[in-house]
Amino acid sequence: MSGTHDEAFGDDGSDEAFADLTDSTDSTDSTDSTDSTDFTDSAHFTDDALVTGLLEEELRQAAAILDPVPAELRRIAVDAFALHDLDARVAELTFDSLVDAIPVRGAEDPPRMLTFRVDDVTVDVEVTEDGLIGQLLPPGPADVEVLSGPRAHARLTADDLGRFTGEAPPSGPFALRLRTGGDVVVTEWLRA
């Protein structure tokens, strides 16, 4: 009986045969799984992309319902994108009466005078408590926007001599965007 037991439990070398059988099965399985994985991956890739796209769309819809983007934030984002105009030229501040001017004795609240320049375009602006007064040089008509962050933009129009006025003075940071024909000029941002 012991011979039968030995034969049954591999004392006769059948452990090696079992190990060989297991190794060949593992290699066959790994080959098959590699082949099926490659096939599944290529087929799965398309399915995964589709599922991911559907999941992203469902998440967008859920977020729009449960936590919508405030209208004001959306407007600010659109305005910020509009400001990113690749053709816009940035006019640098070349004169600021708060920094460059000599104080005048007896003047209690003098207006702030600003000059911006880019290439051949100059924008002179006077900021007072009553609003803005400005002139574009060389003179000519232009659409002028007073950009002021999240607040509504004041839209002004420069006349044929390049003059423009705005009734409300900007509070906080502001910049000017001027559109003359196909040309766009944006000034540096300043605090009023």
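Heavy-atom basis, side chains included; hydrogens, waters and symmetry copies ignored.
Panel note: side chain Glu145, backbone Arg177; no donor-acceptor pair is recorded below 3.5 Å. A distance-only check finds a donor-acceptor pair linking the side chain of Thr187 to the backbone of Leu176 [under 3.5 Å]. Side chain of Asp100 to main chain of Asp96: a donor-acceptor pair is present (N/O by atom type, distance under 3.5 Å, no hydrogens or angles).
The only member of Val186, Thr94, Leu190 that meets side-chain contact (heavy atoms from CB on, under 4.5 Å) when paired with Phe116 is Leu190.
Side chains of Glu92 and Arg117 form no contact here, defined as non-hydrogen atoms less than 4.5 Å apart. Under the 4.5 Å side-chain criterion, counting only non-hydrogen atoms from C-beta, Leu156 is in contact with Val146. Side-chain contact between Val121 and Leu136: present, with at least one pair of heavy atoms (C-beta onward) separated by less than 4.5 Å.
The neighbour count for Glu57 CD, taken as heavy atoms of other residues, nucleotides or ligands under 6.0 Å away, is above 12. Other residues, nucleotides and ligands contribute more than 12 heavy atoms inside 6.0 Å of the CD atom of Gln61.
Across Ser97 and Pro111, no two heavy atoms sit closer than the pair OG-O, 3.8 Å. In plain terms, the two heavy atoms of Pro138 and Asp120 that are nearest each other are CD-O, 3.4 Å. For the pair Ala158 and Phe164, the tightest heavy-atom approach, listed with the atom from each and the gap, is CA-CB, 4.0 Å. Contact detail for Val90 and Glu188: the closest heavy-atom pair is CG1-CG, 4.4 Å.
Here the straight-line distance linking atom OG1 of Thr165 with atom CG of Asp159 works out to 9.0 Å at 0.5 Å rounding. The line from OG1 of Thr115 to CD of Glu126 is 11.0 Å long, rounded to the nearest 0.5 Å. The CG atom of Leu161 sits 10.0 Å away from atom CG of Leu137, with the distance rounded to the nearest 0.5 Å.
Both Val118 and Leu114 sit in one connected hydrophobic cluster of ILVMFWY residues. Membership requires side-chain heavy atoms under 4.5 Å apart, directly or through other members. The hydrophobic cluster containing Val144 also contains Leu93, counting ILVMFWY residues as joined when their side-chain heavy atoms lie under 4.5 angstrom apart, directly or transitively. Met113 and Leu132 fall into different hydrophobic clusters, where Ile, Leu, Val, Met, Phe, Trp and Tyr residues are linked whenever their side-chain heavy atoms come under 4.5 Å apart, directly or through other members.
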Evaluate salt bridge (charged side-chain N to carboxylate O under 4.0 Å, His left out) for Asp143 paired with Arg155, printing each intermediate quantity in order. CA-CA 7 Å; Asp143 292 325; Arg155 299 188 188 281; over 6 Å; no
